[in-house]
Every structure is written in structure tokens, then in C-alpha cells.
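Quick notes on the structure that follows.
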Amino acid sequence: MVSTTSLIKSSGIVIPKRNISFIKIIARATKAPAYIGGTMAAGGTYVAYKVEQASTYTQDKLSAIKDFTDGIFDKTGDFFKNMGLGTGSEGSGGSSSNGGSGGHQGGNETTTTLATVAAVGLSSEDEEMSDAEIEQDLDDDDVETLIEEDDEDEIDFANDETHDHMLNLTRQMIEIRNLLSNIDHEGISLPSIVVIGSQSSGKSSVLESIVGQEFLPKGSNMVTRRPIELTLVNTPEAAANVADFPALKMFNLTDFEQVQKILFDLNMAVPASECISNDPIQVTIKSPTVPDLSLVDLPGYIQVEAADQPAELKRKIRDLCDRYLEAPNVILAISAADVDLANSAALRASRTADPRGERTIGVVTKLDLVNPEQARKILTNRKYPLKLGYVGVITKAPNAIKSGPGGLFSRKQLTGYQAFVAQQNFEHSYLKEHKEEFFGCTAGTRNLKKKLMKVLEKTMAASLRPTHLAIQQELEETSYQFKVEFNDRPLTPEMYLANNIDILKLGTKDLSHRFSRPELKALLKNELDQKVLDLLAERYWNKPFELNQTVKFEPDLYELSQITNIDDDIYWHKKLDLTTGSLTKIGVGRMSTNLVTNALLTEVENLVDNTQLRNHPMAKSQVREAAKTVLGAKYYSTADQVENCIKPYKYEIELEDREWQISKENAVNLLREEMKQCDEVYHDLKRQVGGRKLQQVVTYLEKLKQQQSGDVDLTTNETLGFSPTLIQKGKDAIFLKDRLSLLKMRYSFVKNSKKCKRKENKYQCPEIFLDAVTSKITATSILFLNVELLSDFYYNFPRELDQRFFNNLSKEEIEKFAKEDPKIKKHIELQERKDLLENALSKIESVLAIQRNTTPNQKNDDRKSMFSWK
């Protein structure tokens, strides 16, 4: 029998694209004369050849060819008119010599057989198949068009109206798949196309050819260390290709060299000691020239570990790939044409995960490295059959696609989209040059894209109903759990944050009523009273114990109460003036402002502790910083205002009788409180040392003082066995006793003496006068503290909270904040899971509804038109 290949070569016939419906009609019409269909196909083929040849001729030649082809069609029409039904020629007549049409007008068996074979597209092995086998083979969904005969460099995926329906379904299913990837539940997922292959098989080049850009990391060592989950989205309105990294919050990247660098850095971030990570990198590429696909690029299989690679690297790669190769994912097994398929690591792995070869597509790269006959044998799917068949491609690296002067490509370095166009042109030219050898095979990157779209759409469609049922069951379980645990109360991170900030604002409003001028006055007065006590102790009350104390000529405080005419005693005048000056020079402005600021910060912290924000360290810190920011904005101006307003009290203080009487009562209370504290400290000291021992030490020290024994070293252990520590406690006890005695004297004098009833005797009653000064300073200071600091804080603090928590925090930071509380985290995650399941269920039900509404004719049209898609 004459082989089909040799007949095609000898005839020089150019094989056009097949239409599957036309093939089925011919295969089933077994009773019709063979030469009828053969002559029609041969005539059509010859005309197609002439039209293609005319594209390189001059306009004159084109006109001549047009006339010639018109004659061909006329003769062919006359031929069919003279045909009889049910008859045929079986003679072995030779070919006609009547010009170019003679070979197609005769009825000899050789020409008829050749034309029939050319129309159906079978090899010599296929000719021996029965009619039933041919029909079964042609009914299989794997039948694809041969090699694209057009000169386009790209496929217009957007403007093909025939496939809008399928494109929309595929895109919706990819969106559903991306939604389901966020649900951590086994059995709820839609398939992706998983790309596997050895490191030298051209796996990366195949993916880049599909995308039309160089974007995958390259390197001499193992650079793919993490799975790359690649989502391709067809965007017909886009002016350029863009890439997104959703997990990194990086969007609209148009520089694919930058994309390549990011992927390289993310992969190299995996330590060399581990080499492989299961954490995927998610990339979305949008372009008007890519199909809607969901792909996963995995690390390439290695045969032998390098010296610097861990021994378990092969096992890690195998385990990672096995996880992605599980059903229902489609396997894209990449093998190089110059490597025997028996040694293909990708096919071995796919056979383990898919023993029957039902969801594996074989891709044979580097077709140009072997002779076309050998490449054809690989692609005919005989030795290692796969139900989805094989696709041959040529994906040369851009740097390899160049030749010398006068060649097809220049020596200029090609990158990016130019490299993609160069590769496509090279592949197209090579396949067109060897179209007879690759007849009956699926080859070319464009056909690969079409096949991937069809297979992914079909696989996803088959998984929709099981996935729909699994989502329904999981949604019911999640809804029940949500109702039981949280009473169907919706909660989002934003709602949780807003609720707590509102509670904090209400607390601030209540604080403005609780902490106002009266509270501010009490706070500042209490602090100034303490300053007065310190000054009185320093200048009036302190009487330190000294053994060798020399005789001092300064008047004693006991003498102050006995003076009848205090106006003539300059010593006590100067003493009080110096004490008053010290009080007004202690920095009341900053002291009071700092005091109020700290008090407000403490109150704010108390407010936070009464809300759920207490469980969030970051939120507590932000609230405190917000309060500091508002208070800090007015801190220095308020301090200066207060300081300026009390300047008159540094020089002259005028008091009224009413103010003196009020201060007298305050002074009595202060002295009483001071006596109480002094007595408590003394009794505490007695409890520590022991009453008897402390009395012994005190007696010993008082005798030494009476004897004026200044030469005794009290820091040694030679003091009757008393340790230096015990000696010091004895001194403290004597000091406290003297202080208590003096305070009792002053308390009695201030409370009962007639002299302290009049403000003119202020030098003999310094406790009353200093209290009156602090009262005036306090009353004046709080006016500015209230206006400059408090009012401003209560107005601006809620606004600063809004700015920090709602304007400055990103959605991710708000989510992180809310999930710091374990209970809230569980509530939010269950709410998110419920919403996600409802969204996925709604989308999947819409797709199922579209499928139910699609008529059988539409489905058949979609299947048929797939094979002639431009």
C-alpha cells in the first residue's frame, strides 16, 4: 500500500484546516462513493493552494490565477452534474495531462484515496482502521486542528463572538476557583493546570510562550523553589500587559523585568538548606492576548543532586509535586523532543498520579532539535498514549533565535514582547515548512493555548456539581456553628474597631464632665500643698541631729510664737519672703501642665481598660499616642500662659480676710495630716527595729550629744555593739520625735492663737500665708489650663482617634488588630468563612444555571468551533 505521507509529498498538496463536523460526515457516509468526497476535497485543497501561492505574486499573476481557479470551479460543478448516484470508478487509470486541473477530474482510485485521506487527515496506520474505529476516534474530544495556516502572531481571545459564551464560563469558574482557594477544606476546589517537567525540558519557556512575556526567574542553579500559582485574565480593553502580586499588595506592574526580579527574590528567599517551600507565590497577569487560564508552575524534577544541594531535595520536590498533581487538577507534562519519552520525569510522575492518562496533556518541546519524522512519531500518541494527546511546540530562548546578516532575524538582542514575537514567527515558519510531516498532529503554541482553555473549561465544568454539593454541606455546617456560638450576630474587623472607638468616644465625653475645673483645681492645689510642706520643712521645721552641733545664733521656731512685735524682726520677714519666692519660682507653668497631662493620660488608660481595646496592645498604644499628640500640641503654649499669669505673685500678694480664714483651715488640716504621717513613720520604724532596742540606741545617742562627744565615730562597730545601720535608725527616730514635737506646737499655735486670725501676722503664721499663695496660684492657673488644654483635648481627641484608626490604618492592619483577641478572631473568621461560602455558592449556581439553559445545539457549536478558532 502506498503511504499517505509519500502521496502527500509527491502531490505537493497543501492541507487546509479541517472542520470536525465535515470529517464526521465523511467518516459516517460509508455507502457514498469515495470519489465524490475525494474530488470535492482535492478540488478545494488545490484552490486553497493556488490562493496561498497567489499571495506572493504580482497583481497581474493574481488576476490570472483568479481566472484559472474560476475555471476549476466550473469544471468541478459540471463534473458533479454528470455524476450518477450510487456508482463509482474502480479502474486504475493514469493521471490526466489537461493542465493543473487534470489530476482532480479523473476518477482513478489513487487520486480518490489520496483526496479522501487528505480530507480526513489520517496517517498510513489510520487507513487500516475500521469505519467504527474511525468514527469513535473522531468523536473523541482530543481531535484538534492541524497547524495554523494564518500569519497572525496572536490569538484574539476577546473578539471571537463564537466563544464568548465559553470564555465567560471559564472566567467565572476561575474566579470561583480563586474564591475556593481561600477555604481551607478538603474536597472544595476547582482544578488548575499543573505544569511539571525536568529542569531542562523547557517548562518555563512553555509558560512564557503562553503568556507572551519573559517573566519567570532564570539562573544556573535551582531558582524555582516555591510553587507559582499563575492566573491569566483576558482583558480586551487593556492597553498593556500588567502583573499583580495580591499577597504582596503590588498591582499593575507593567515592567516584566521587575516581575522577573520579584519572582527571583521570592524564590531565593527560601534558605539553601531547605531549597523547597510549600508556600505558593500568587501572580495574576492581565492581557488582551492571553486566555483565561489557571496554571501552577512547580519546581523542576532533578535526576542527581548537586554537591551544594541537600540529599533529600529529590524527595521534597516529588512530595510537593504529588500534592499538586492530585485530582481534579490537569497535568501538563513537559518533555523535550530530544529526550526519549521513556526517560521523561514528567510522564513518570503523571503516570503515578494519573495512571489511565485521562487528565494529562503531553507537551513536547524543542521540536526543531529532531527530524520531523521522529517528532511526528512522538506526537501521534502511540507509544505512550494519553487521552488528551500531545502538543508539539518550539520555545527557543530569545537569544538563540538569531542568525547572520540576511537571515530571518538580526543579531540584535531580543527581550520581552519582541522575543515572544520572534519565537512565534520562528515556530510558525518551521511548522509551515514541515506541514506535511506534522500532518495529523497538534502543534504550535496557539493550538496549545486553545487546548488548555478547552480542557480546563471541560474539567472545571465536570467538577462543578460535586463542588457545589460540598459547598452546600460546608455552608450548612458553618451557618449552624455561627448561630450556636454567636447568635447570627454579624461582625467584621471594621465593625469591631468602630464599636470600640465609639465606646471610647463616649467615655471621653463622660470624662469631660467628671474631670473639669473643680477636679483640676483639687489636683493642682494638692500638688502645690505638697510643695508648701516641703518648703516649710526645709526652712522652718527641719532640725537634723548632730553630735557636735555648734551653737547657732539663728532664732528657733519656738521663739516665733513668743514674738509680740514681728514687724521689727527682719529675720522672719526675710525668711518668709524667700520661701514665697521659692514657691513662685518652682516652674508652676510646666509643673501644672505636666500634672494635668499625666492625669489625662491616666484617665484615658482607664477608659481603654473599660473597653475591649484592653486586649489589644497595638490599640492601647495608638490611643495613648493619640492623647499625647493632642496634649503635646498645646503643652508649651499652655505652660507659658500659666507662667505668665502667675508672675504678679512673685512680687506682691494681696489677701482678703475671707481668703485668710479659708487658708487657716487648710493649714490646720495640713499640719494635722503631716503629724499623722510623721507619727506613722516613727511607729513603723519601731516595728522594724524593736521598741526596746530603738530606745536603747536613742538613749545612747542623746547621752553622746549632751556630752558633746564629737570625736566618736558612729560608722564603726565600737559604739556599744550598735551597728552603723542601727545608729542611723536611731538618728531617724530622734529626728521624727523632734519633728512631731515641733508640728504639735505649730498645730496648736495656728489653730488656737489669736495672732493667726489676722492676715497682718503672716510672718508668725507662715503656714497660713503660703497656703493662701497656693490658693491664688491655683485659681489663676486653672483658668488657662481649662481653656488651653482641657477644652482642646476634649474636642480634638475623638478626631485624632478617627484619623489614626480609620484613615491611617489599612484594611490588613485593622484585620490584624481585631484578630489579636482570640474570641473576636474566631467570630470574624467564622463570619468570613460563611460569607465566602455564600459568595462561592452563588457564583457556582449562576454557572450551573447558564449550563442548564445552554441548548444542545449551542454546546455542539461550541465544541465544533473550538477546532477552527483563530
Side-chain angles (χ1 to χ4, degrees), residues 503-533 580 583-610 623-624 626-650 653-670 673 768-801:
I503 293 175
L504 190 58
K505 289 180 181 177
L506 289 175
T508 305
K509 184 178 180 181
D510 293 339
L511 178 63
S512 66
H513 298 299
R514 290 187 291 104
F515 191 80
S516 56
R517 290 181 61 177
E519 291 74 22
L520 188 61
K521 180 179 180 180
L523 182 69
L524 182 56
K525 182 64 168 63
N526 183 67
E527 183 68 17
L528 290 175
D529 286 344
Q530 188 60 48
K531 296 293 183 182
V532 167
L533 290 173
T580 306
L583 179 62
T584 57
K585 294 177 182 178
I586 59 175
V588 175
R590 291 204 174 185
M591 183 201 71
S592 59
T593 306
N594 193 58
L595 180 69
V596 176
T597 297
N598 291 335
L600 284 173
L601 291 176
T602 301
E603 291 293 336
V604 168
E605 290 178 354
N606 293 335
L607 291 177
V608 173
D609 290 338
N610 291 328
V623 172
R624 184 176 178 85
K628 283 185 175 180
T629 300
V630 175
L631 293 170
K634 289 288 186 176
Y635 180 88
Y636 293 104
S637 62
T638 304
D640 290 342
Q641 290 283 357
V642 172
E643 200 66 45
N644 291 333
C645 77
I646 66 168
K647 277 184 178 181
Y649 303 124
K650 296 180 182 180
I653 299 174
E654 295 181 359
L655 296 175
E656 296 179 359
D657 293 337
R658 180 183 58 82
E659 294 173 336
W660 180 265
Q661 292 301 322
I662 294 174
S663 295
K664 178 184 177 181
E665 294 178 5
N666 292 337
V668 169
N669 293 332
L670 283 176
E673 184 65 27
I768 300 176
F769 180 74
L770 291 175
D771 183 83
V773 173
T774 57
S775 297
K776 280 190 167 294
I777 291 176
T778 301
T780 306
S781 299
I782 63 171
L783 295 176
F784 293 93
L785 289 170
N786 184 63
V787 174
E788 293 290 329
L789 199 63
L790 279 184
S791 299
D792 180 80
F793 174 79
Y794 294 138
Y795 178 81
N796 287 316
F797 179 60
R799 289 159 179 78
E800 182 66 20
L801 290 176

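Counting from 1, the numbers follow the sequence of the chain as shown.
Rounding to the nearest 0.5 Å places CD of E788 at 9.5 Å from OG1 of T593. If you take CD1 on I503 and OG1 on T508, they are separated by 12.0 Å, rounding to the nearest 0.5 Å. One finds the CD1 atom of I777 at 6.5 Å from the CD1 atom of I653 (value rounded to the nearest 0.5 Å). Here the CG atom belonging to L511 is positioned 12.5 Å from the CG atom belonging to L506, to the nearest 0.5 angstrom. Atom OG1 of T580 and atom CG of L770 lie 5.0 Å apart (nearest 0.5 Å). Atom-to-atom distance recorded for S592:OG and Q641:CD is 11.5 Å, nearest 0.5 angstrom.
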Start with the C-alpha distance between L583 and Y649, add both sets of side-chain angles, then the distance that settles side-chain contact (heavy atoms from CB on, under 4.5 Å), and finish with yes or no.
CA-CA 10 Å; L583 179 62; Y649 303 124; over 6 Å; no

Mind running side-chain contact (heavy atoms from CB on, under 4.5 Å) on V604 and R624 for me, showing each step along the way?
CA-CA 7 Å; V604 168; R624 184 176 178 85; over 6 Å; no

Test side-chain contact (heavy atoms from CB on, under 4.5 Å) on L670 and E673; report intermediate values, then the result.
CA-CA 5 Å; L670 283 176; E673 184 65 27; 5.7 Å; no

Steps toward side-chain contact (heavy atoms from CB on, under 4.5 Å) verdict (F797, V623):
CA-CA 9 Å; F797 179 60; V623 172; 3.9 Å; yes

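Contact annotation: the side chain of L524 approaches that of S781 to within less than 4.5 Å [non-hydrogen atoms, C-beta and beyond]. Residues T774 and K531 are not in side-chain contact: their nearest non-hydrogen atoms beyond the backbone lie 4.5 Å or more apart. K509 places none of its side-chain heavy atoms less than 4.5 Å from the side chain of Y794. Considering only heavy atoms from C-beta on, D529 stays 4.5 Å or farther from L533 through its side chain. No side-chain heavy atom of D771 sits under 4.5 Å from any side-chain heavy atom of V532.
Applying side chain to side chain contact (heavy atoms under 4.5 Å, CB included) to K634 and the options L789, T597, V787, N796 leaves one that passes, L789. The side chain to side chain contact (heavy atoms under 4.5 Å, CB included) with L785 is formed by just one residue from the set V642, T780, L790; it is V642.
Taking each heavy atom of S663 and S775 in turn, the nearest pair found is OG-OG, 4.3 Å. Across all their heavy atoms, G589 and E643 have their closest contact at N-OE1, 2.7 Å. Across all their heavy atoms, R590 and Y635 have their closest contact at O-OH, 3.8 Å. Of all the heavy atoms in I782 and R517, the pair that sits closest is CD1-O, 4.3 Å. Across every non-hydrogen atom of R514 and E519, the tightest pair is O-CD, 2.8 Å. Residues E659 and E654 approach most closely at OE1-O, 3.9 Å, considering heavy atoms.
Counting heavy-atom neighbours within 6.0 Å of K521 NZ, excluding the residue itself, gives a total of 12 or less. The 12-atom threshold is exceeded at NZ of K505, counting heavy atoms of other residues, nucleotides or ligands nearer than 6.0 Å.
A donor-acceptor contact shorter than 3.5 Å links the side chain of N644 to the backbone of D640.
Ion pairing between a basic and an acidic side chain is recognised when a charged N comes within 4.0 Å of a carboxylate O; K664 and D657 show no such pairing.
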